[in-house]
S.K.: 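Structure provided below as structure tokens; questions to follow.
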Amino acid sequence: MAKKKNNKKTSLAKTLLITFLILIISVVGIYYSIKNLKFGLDLQGGFEVLYEVDSIDGGKVSNDMVESTYKIIDKRINSLGVSEPEISIEGNNIRVTMAGVTNIEDARKTISTTAALTFRDISGNLLMDSSILNSGKASVGYEASKGYYISLSIKDHDEFFKQTKKVSKMEENYIVIWLDYEDSMALTKDSMGLGYGYYTGEGDAKIFHSCGDLAKSNCLSAATVNEGFASDVIIQGKFTKEEAQGLVDLINSGSMPTKLKEISSKTVTASFGEDSLNKTFKAGVVGIALIALLLIVLYNLSGIVASVSILSYTFLTLLIFNLVGGRLSLQGIAALVIGIGMAVDSAVISFARVKEELNRGVSLKSAYELGSKESFVSILDANLTTLIAAVILFIFGESSVKGFATMLIISIIVTFIVMVYLNRYILRLFVNTEKFENHKILFLNYKKKKKESKLDFVKHKNLIFVVVGLIILVGCMFTYSEGLNLGIDFKGGSTIEINSENNLTVKGVKKDLKELNYKLEKIEAIDSKRVYVTIDNVLDNNETEKVEKYFNEKYNATTSVGAISNKVKKDITKNALMALIYACIGMIIYVTIRFKFSYGVSAILALVHDSVMVLIIFSLLRYEVNSMFIAAILSIIGYSINNTIVVFDRIRENKTKLYKDKIKKYDDLKDIVNTSLRQTISRCIITTITTLIPVICLIILGSHEVLNFNLALLFGLVVGTFSSLFISSQIWMTIEKKNIGKDPNKHWYDDDKKSEKEELKVKGINC
């Protein structure tokens, strides 16, 4: 038996107090969540580098080798004091992002120097290096009497016996295993005499690093040797299982025959990050304020409640993002904006349904309950479809794609919880005060609709298909002949950002680059003291130092240099396309299960239309296509599928409601599509406008560095709205045309049964 909703009359004063408290909690929560946010490289400044892991001896690089290299890089970065670095494995590549790092060259050298595992005596004299060991063969063992221990697999048994015999005869018979030993690491006992280690720093800053403290010490082990060993040996030290495994990983890493080849890097100065951050937040605050104003104008009290809910959505999204340890990037902010659009969409869908029920003449309380119930399925389907795409992007995506997907997943889940439960809870309290039964215009800006719209969306279907087809054909031909304006993310090259205390001119910097013998691709003066340059040359470490020194000496300027090799083009494109294909497959499967295959095909074709159109627009306007463009396309797809599913939900509902699924003629399909689009067009336009508001604010007030990203969102939102109204539903109608007059309950497998029966019939005998 269904649980009856609580429709008990509530106090208006109590309801206003609850709403006000939620508003205050949300505003204060947003403030403190932003204060505690960890920002990505693009907002905080720092260093990102992508390495290719190669074998020193030219052999094949195994997954174990990459994993071991990852672990040693992690240990190295921690020694730099960088807060929560991000290290990710991408095939045979390792990407390292260190937001907040100040000395770029030290970081680069510390990471990329090949790990050196050595065996030394107590005085630091070299006995053996990692060549004595079988590569990657160290392992963890356990015996009740010994506990967890490390087993070393020896390759050169004669040499190992010779050196261990030598150590066993020493007064202090210790063999010390070091990772990246330096002369300053003089081994000594700590002040308490509890064990060996070494000191760093001076005076009050002096720190003792104990041997075996895997997180803080380069001294991995100091073991007593009583005799020479000619076979595999073990290291004991009262290890826990985790400590023993950690030591094995480090030993295997140190003895691994791998080298790191830098294939791309990106540096961002702290001032650049702070400037981007301030502009982005300013644009965000203005955007949310304008959205709230629009909702209040359109829906009065319900608009106020929706605005409070959107603030709650923003607070909870940022809170969860903080709790999972996320780093907010500009792509993450884009996902947050898309989430705001979906939150508004959920509210507008509900409001539209309530108004439809009020048009039928029912009470406000009944209209609210029925409208909320009717809109639930649309909101659920729209959010679940986008969520499936986001999860698939997270699983298969890499780098910025994964970061975008993380924020989008959080946004979708929070949107559903806040707009379906919190927003409706507050509105139900207001409805149950019974103060608005005779003031529906105050509650929802409701006025009884006098006549139905007569807009015919399918009248010019064929003309629209032809025009859109011609635009895509001509656009693709132009793109093929002229090519895209690819950024260095896709074609390789370097970016140089010059920040000077003195005035800079484009003409002067062009002359400088010519003197440095670099081929200029693009140059742009951001302001009088900052110039952004793209060159075709991929700068290595020495060339980077040369550029930085040149501009520092000439202009007293700080220079940020980023380089990307041609290899990245293939990796970025392949990963993004594969993630996108998997996401489309996931969406089409879900839509087919929830609706029908024809709906799924129509939705995906509309998404292809949206992506291709934005690509053509960028090609025609010669805007740069870079890695951020991929995130923009993903945003467009996530938003567009949300729009399309809402329309399809109405089509499915009207198909059953108006014709009981029995379509007898083509005009019936036209009527279903037209009726559905008339019912959803106002919601579609309102949602698009509210989503465009923060995007336009980001274009006008936001960071220059992501202008193209926001422009792609702008074009995509407009194109996506068009496709939801004039492409996807009309494609569905064209596909469904073949099913006119057929039994809606008949399945594809019934044809086989029919064929079997017909084969048994013989004309003139059993017919």
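Heavy-atom basis, side chains included; hydrogens, waters and symmetry copies ignored. All of these numbers come straight from a predicted model, not from anything done at the bench.
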S.K.: About how many Å separate CD of E501 and CG of N556, when rounded to the nearest 0.5 Å?
M.R.: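 If we round to the nearest 0.5 Å, N556:CG and E501:CD are 4.5 Å apart.
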
S.K.: What distance separates Y532 OH from I498 CD1, expressed to the nearest 0.5 Å?
M.R.: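 So the OH of Y532 and the CD1 of I498 are separated by 11.5 Å.
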
S.K.: Has T479 got a side-chain atom pairing as donor or acceptor with G475's backbone, closer than 3.5 angstrom?
M.R.: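 A pair under 3.5 Å: yes.
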
S.K.: I'd like to know if the side chain of S123 and the backbone of N125 have a donor-acceptor N/O pair within less than 3.5 Å.
M.R.: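 Side chain of S123 to backbone of N125: no pair is present.
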
S.K.: Mind checking the CE-CD1 spacing from M128 to I177? Nearest 0.5 Å is all I need.
M.R.: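 These two atoms lie 8.5 Å from each other.
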
S.K.: Looking at T559 and E548, what are the two nearest heavy atoms and their distance?
M.R.: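 Nearest heavy atoms, T559 then E548: O-OE2, 3.6 Å.
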
S.K.: Can any side-chain N or O of S500 pair as donor or acceptor with the backbone N or O of Y555 at less than 3.5 Å?
M.R.: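 Side chain of S500 to backbone of Y555: a pair is present.
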
S.K.: Output the distance between atom CD1 (I699) and atom CG (N710), rounded to the nearest 0.5 Å.
M.R.: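 So the gap between those two atoms works out to 5.5 Å.
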
S.K.: Of all the heavy-atom pairs spanning L318 and S33, show the shortest one and how long it is.
M.R.: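 Heavy atoms only, the tightest pair is CB-CB, 3.8 Å.
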
S.K.: Output the distance between atom CD1 (I410) and atom CG (L319), rounded to the nearest 0.5 Å.
M.R.: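 Output value for this atom pair is 10.0 Å.
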
S.K.: If I compare all heavy atoms of I616 with all of C476, which pair ends up nearest, and what's the gap?
M.R.: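 Between these two residues, the closest heavy atoms are CD1-N, 4.1 Å.
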
S.K.: Check L520 against I535 and note the closest heavy-atom contact, atom names and distance.
M.R.: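 Nearest pair, atom of L520 first, then I535: CA-CG2, 4.3 Å.
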
S.K.: What is the minimum heavy-atom distance between G124 and Y181, and which atoms define it?
M.R.: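 Between these two residues, the closest heavy atoms are CA-OH, 3.7 Å.
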
S.K.: Between N708 and L711, does a side chain to side chain contact (heavy atoms under 4.5 Å, CB included) hold up when you go through it step by step?
M.R.: CA-CA 5 Å; N708 283 5; L711 286 173; 4.1 Å; yes

S.K.: Do side-chain atoms of D536 reach the backbone of K519 as a donor and acceptor pair under 3.5 angstrom?
M.R.: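 The answer is no, because no donor-acceptor pair under 3.5 Å joins these two groups.
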
S.K.: Starting at CG of L50, measure out to CD1 of I94 and round the result to the nearest 0.5 Å.
M.R.: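 Reported value, rounded in 0.5 Å steps: 9.5 Å.
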
S.K.: For K514, does the NZ atom have more than 12 heavy-atom neighbours from other residues, nucleotides or ligands under 6.0 Å away?
M.R.: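 Count not over threshold, so no.
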
S.K.: Run K510 and V533 through side chain to side chain contact (heavy atoms under 4.5 Å, CB included) and show every step you take.
M.R.: CA-CA 9 Å; K510 280 184 177 180; V533 175; over 6 Å; no

S.K.: Can you confirm whether more than 12 heavy atoms, excluding those of Y31, are under 6.0 Å from its OH atom?
M.R.: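 Not buried by this count: 12 neighbours or fewer within 6.0 Å.
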
S.K.: Quick one: closest heavy-atom pair of A712 and V614, and the distance?
M.R.: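 Where A712 meets V614 most closely, the heavy atoms are O-CG1, 4.2 Å.
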
S.K.: Consider ring-ring contact (aromatic ring centres under 6.0 Å, His included). Of Y198, Y196, W178, which one does H209 pass it with?
M.R.: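 Filter result, single survivor: Y198.
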
S.K.: Any chance CG of N503 has more than 12 other-residue heavy atoms, nucleotides or ligands included, within less than 6.0 Å?
M.R.: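 More than 12 within 6.0 Å, yes.
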
